[in-house]
Amino acid sequence: MKFAGDYGIPIDQIKREAFFNIGGPNGFMRWGIYIFMFIAFFYLAYTIVKRVLIWRQGKGELRTDYPEKRIWMVIKYVILQAKILREKYAGIMHASLFFGFAVLFVITLTIMIEEDLTALFFHFHFIHGNFYLIMSLVADFFGLVVLIGLGMAIYRRYITKPTRLDTKGTDTFALMFILLIVLTGFLSEALRIAITGFPEFEVWSPVGYALALPLSLMSEGAMRVLHFGSWWIHMLAAFVFIGLVASDKLGHIAVSSLNVYFGNLNNENDKAKFRVPIIDPAVFEVAESFGVSKVEEYTWKQLMDSDACTRCGRCQDNCPAWLTEKPLSPKKLVNDIKANMDERIPQLMLAEDPSSVETTPLIDGSVQSDEFWACTNCGACMEACPVLIEHVPKMIDMRRYKVLMEGDMAPELQTTFTNLESNFNPYGFAFAARGDWLTAVEDLKIKTLAEDPEVDYLYFVGSAASYDKRNQKVAIAFCRIMQKAGIKVGILGPEEADSGDAALRGGNEYLFHALVTQNLETFKAYGVKKIVCTCPHDYNAIKKEYKDFAKVGPASDGGKLEYDFEVFHHSEIIAGLIKDGRIKIKDSYNDTVTYHDSCFLGRYNNIYDQPRYILNSIPGVKFVEMSRNHDKSFCCGAGGARMFIEEHIGTRINQFRTKDAVASGATTICTACPFCMTMLSDGPTELGIENIKTFDIAEMVYNAMEK
């Protein structure tokens, strides 16, 4: 292909005729386009305003701060497709459609700028010569890219049919409609080339040029009639597409982009990622209801989430509850909330007395209790969602209503809450015995802060390591590592209360507030500056939700609470000690080891590398990954207060995860969480597997290090 200067004709003639075959640039048809454009944009505005009015019926929530960060999220997740491209086939498919259409839109906008602005008002034309040639080539190339994406989408949705996709009529319409736009675009281009006698420079439109060859066998009259029809079908379809950008399946183009812009900025920061929104304690004094039982009790952003869902099913594909035959599908839950919203809120908006509106109940109507109680809070759904929908907080809000307003929960959870209230631990053991595990180990020189408050770190032992004998071994190993490294740690003993993670995520917000207040006041009394946890659930709660609560929660004396300390997980501390040479790994561990990423350590806090660094520092360890690892790790089943609720439906999640470990070829499972330790120790026993052991990262280091 030659450039413009090589064709032997004036460069300003290397272009296409505007409004070719439909009346020219000054014909009536041109002005008719403006009418259709106005209708399309009017309908688009109407649908967006209609949805905004529905969302505004939800509670208020600040999501307009830090616009520069929000614009970056749109660039990252919408334009650069950061999460979508994590899946190879679906990612390439969606990227082909997105980038192809985006480029075609820019080209159409460029033509519109010339014809309806520079040429119309200033008689200035710029689409000619090399600019026209390159633009033609780019348009044809990205038109093909869109067709490839459409082909992949059709093959996936109608041939391979992955179970996570529930194809509806709107899905078929969207694909066929986009196909119509692209095909009529190519057809109109090809007919124009054929009618104008195949100008040599039009080879820069290779698809159109190739299609023009067989079409040229028709008479010119027939080609003109066909071109006229094809051009108008293409144009009208494009305007209909614009009008539907905020409706049904095509609506995700606009609404999902808005949802990303108004996304949770906390989730972009490991220090705040996936933290649970805290109920202001002042609300308990005045509110008549807690949690969510009616859809309008969600925030406006949570309602927008429901409209933003594209039903791609990535959340469902990564949900441990769904994959073990539980009734929870995060995708279904979000869409059931949307259905309830679309049924109820328009009636509320028209009703003189909102209390008289009777619609399908949200809980045990649109959404069943078994669904949101099945959630382990693992965060896999939110990690996978390409449009930043927040599923877990919605379910915690429904749990809050059931627990705080109806007292309706599993009997085991009721017992757990009673134990937390009376003895500050979920097991029901005496709080005075919380430090007994330490006194039974004579060679550990660890004291309570009441005995010696001058320490490098407060070791927040947590309820599991305080009372569970298996996890006490982890606490002892960690303390011995710290002692060997010359780091002085202390514990609170009987003064330590449970972190409250199970209370918070189990829906008992009031109990969580009481436990947080007690612990924060104790930290302040001893001037604690650094806290280390062996439990990721404690680590996450103290690091995130405690900090939020300290901003709004009153102290027991009515004063202000303080949050003036750092929080660490023991894997971070141990990895640092090995790197600094403060502990020496001496003995070999001749075994094949796999590491299980705790959800609250990995997805919630992005701690993936430190445990693996530790394992790879131990001589003899043959480290292997499970098929699901890092941010796609599979939950052990104990999060979201599920540690204290028996599984009665489907396959036990810990057994499912144990099979992952066995499939890796490992004979040792390494964890960094007491809940994971329990679940993955029980898994092999329940499955009758005898040749696999489970250890915490601290135990493996202590067993291998120089004593």
Side-chain angles (χ1 to χ4, degrees), residues 281 284 399-400 403-404 407-441 446-451 458-476 479 490-526 528 531 533-542 545-546 549 553 555-557 561 600 638-646 673-675 677-679:
F284 279 106
R399 289 181 176 188
R400 283 169 171 162
V403 171
L404 297 174
D408 184 5
M409 69 203 87
E412 312 98 292
L413 192 58
Q414 177 64 68
T415 301
T416 299
F417 290 157
T418 300
N419 291 336
L420 285 168
E421 290 170 0
S422 57
N423 284 299
F424 312 120
N425 70 80
Y427 308 107
F429 296 113
F431 69 87
R434 198 172 186 95
D436 288 359
W437 64 275
L438 185 58
T439 58
V441 187
I446 308 293
K447 298 180 180 180
T448 64
L449 295 195
E451 297 171 310
L458 164 65
Y459 173 27
F460 190 91
V461 183
S463 295
S466 293
Y467 294 106
D468 178 68
K469 291 189 179 300
R470 177 63 188 88
N471 279 293
Q472 285 174 359
K473 295 178 181 179
V474 177
I476 292 168
C479 287
I491 67 170
L492 291 173
E495 292 185 274
E496 179 186 288
D498 187 271
S499 69
D501 169 79
L504 172 67
R505 295 177 180 278
N508 196 335
E509 184 88 7
Y510 188 82
L511 175 56
F512 174 71
H513 288 189
L515 294 168
V516 175
T517 302
Q518 180 175 335
N519 280 327
L520 284 176
E521 291 183 339
T522 304
F523 299 160
K524 179 182 177 181
Y526 287 112
V528 171
I531 298 173
C533 305
T534 48
C535 175
H537 298 263
D538 296 338
Y539 166 72
N540 186 76
I542 296 171
E545 284 87 18
Y546 274 40
F549 185 80
S556 56
D557 61 2
L561 293 171
F600 281 74
R642 291 296 315 184
M643 179 72 184
F644 309 103
I645 306 174
E646 186 57 53
C673 170
F675 289 177
M677 167 69 74
T678 299
M679 302 302 277

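At a threshold of 4.5 Å between non-hydrogen side-chain atoms, the residues Glu412 and Phe644 do not count as touching. For the pair Phe675/Thr678, no side-chain contact is recorded, criterion being any heavy-atom separation below 4.5 Å from C-beta on. At least one side-chain heavy atom of Leu504 sits less than 4.5 Å from a side-chain heavy atom of Arg400. For the pair Glu545/Asn540, a side-chain contact is recorded, criterion being any heavy-atom separation below 4.5 Å from C-beta on.
A pairwise comparison of heavy atoms in Asp436 and Thr439 identifies O-OG1, 2.9 Å as the closest pair. Ala497 and Leu515 get closest at one heavy-atom pair: CB-CD2, 4.1 Å.
A donor-acceptor pair is defined here as one N or O able to donate and one able to accept, closer than 3.5 Å; no such pair exists between the side chain of Asp501 and the backbone of Ser499. Looking only at distances, a side-chain donor or acceptor of Arg434 sits under 3.5 Å from a matching main-chain atom of Glu496. A donor-acceptor contact shorter than 3.5 Å is absent between the side chain of Asn471 and the backbone of Ala475. Of the possible donor and acceptor atoms, none in the side chain of Tyr459 sits under 3.5 Å from a partner among the backbone N and O of Thr534. Arg642 contributes a side-chain N or O that, together with a main-chain N or O of Glu646, makes up a donor-acceptor pair within less than 3.5 Å.
Relative ring orientation between Phe431 and Phe424 is described as perpendicular, the plane-to-plane angle rising above 60° on a 0-90° scale split at 30° and 60°. Relative ring orientation between Tyr510 and Phe284 is described as perpendicular, the plane-to-plane angle rising above 60° on a 0-90° scale split at 30° and 60°.
For the side-chain contact (heavy atoms from CB on, under 4.5 Å) with Asp498, the qualifying choice from Asn419, Leu511, Thr416, Leu420 is Leu420, the only one to do so.
Under 4.0 Å is where a charged nitrogen must lie from a carboxylate oxygen, and between Arg399 and Glu509 no such pair does.
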Report the C-alpha distance between Glu495 and Tyr526 in whole Å, list the side-chain angles of each, state the deciding distance to 0.1 Å, and finish with yes or no for side chain to side chain donor-acceptor pair (under 3.5 Å). CA-CA 11 Å; Glu495 292 185 274; Tyr526 287 112; 2.6 Å; yes
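No donor-acceptor contact under 3.5 angstrom links the side chains of Glu421 and Thr418, judged on distance only.
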